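Remember, predicted model here, so these are calculated numbers, not experimental data. Order of the sequence lines fixes the chain letters, A, B, ..., with proteins taken first and strands second; residue numbering starts at 1 for each chain.
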Amino acid sequence: NAGVTQTPKFRVLKTGQSMTLLCAQDMNHEYMYWYRQDPGMGLRLIHYSVGEGTTAKGEVPDGYNVSRLKKQNFLLGLESAAPSQTSVYFCASSYSWGDEQYFGPGTRLTVT
Amino acid sequence: RKEVEQDPGPFNVPEGATVAFNCTYSNSASQSFFWYRQDCRKEPKLLMSVYSSGNEDGRFTAQLNRASQYISLLIRDSKLSDSATYLCVVSPQAGTALIFGKGTTLSVSS
């Protein structure tokens, strides 16, 4: 049982480049989430999904897109990276709303 | 009032000390409460859920006060390995995502 995994672990992008972050979970959870964590800001919800084929905006969705084509995977895309998107990105999953969330190890993204 | 508020600290304590963290939440309809632990440059992990009757797990005790809308975490006999950031987490109401506090940093020294 790998739990929640994230790919890649580190990435450096130039302004304007695009990339996709992959999150995978093997716990058969319906709910998946993408957060960003910045110093002094805590965890902020970017997008989430309540099941395969569904996505919804969180607190800070601008500049990001997501897709949930398979139940076990949740992709986060940056179409045109900006320095303000330099952050640590965490994926999480849970059985349902209000349940414990399991986090992946994070992706450290730097946009120069 | 912010949805979930924590004293950011840092709390600097010697080994063996007892330390307590409080967290306040704004939504009186909140249903689930948790404490997560996050080590430096790592992901958050569940430390313990917080039940209405209070609960204890070894050196850790969590309590909920619905009337005053706060939860607390007590750590007894602090260890060096307890050094981390402790996140207060609240489910504001049914059908909504968890809200994470910004965390309280604990540093335990020898």
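Inter-residue side-chain proximity for B:R41 and A:R108 is flagged as met; some heavy-atom pair is nearer than 4.5 Å. With contacts defined as side-chain heavy-atom distances shorter than 4.5 Å, the pair B:S91/A:W97 does not qualify. At a threshold of 4.5 Å between non-hydrogen side-chain atoms, the residues B:I99 and A:L45 do not count as touching.
By number of non-hydrogen pairs under 4.5 angstrom with chain A, the leading residue of B:G101, B:G103, B:P44 is B:P44. Options A:G42, A:P105, A:G106 differ in how many heavy-atom pairs under 4.5 Å they form with chain B, and the most are formed by A:P105.
With a 4.5 Å cut-off on non-hydrogen atoms, A:Y35 touches chain B through its side chain but not through its backbone. Contact of A:F90 with chain B is made through the side chain alone, with heavy-atom distances under 4.5 Å.
The environment of NZ in B:K45 is sparse: at most 12 heavy-atom neighbours from other residues, nucleotides or ligands sit within 6.0 Å. The 12-atom threshold is exceeded at CD of A:Q6, counting heavy atoms of other residues, nucleotides or ligands nearer than 6.0 Å.
In this structure, B:Y36 and A:Q101 approach most closely via the heavy-atom pair OH-N, 2.8 Å. Scanning both residues, B:F34 and A:D99, for their nearest heavy atoms gives CZ-C, 4.0 Å.
In this structure, the ring of B:F100 has its center no less than 6.0 angstrom from the ring center of A:Y33.
No hydrogens or angles considered: a donor-acceptor pair under 3.5 Å links the side chains of B:Q38 and A:Q37.
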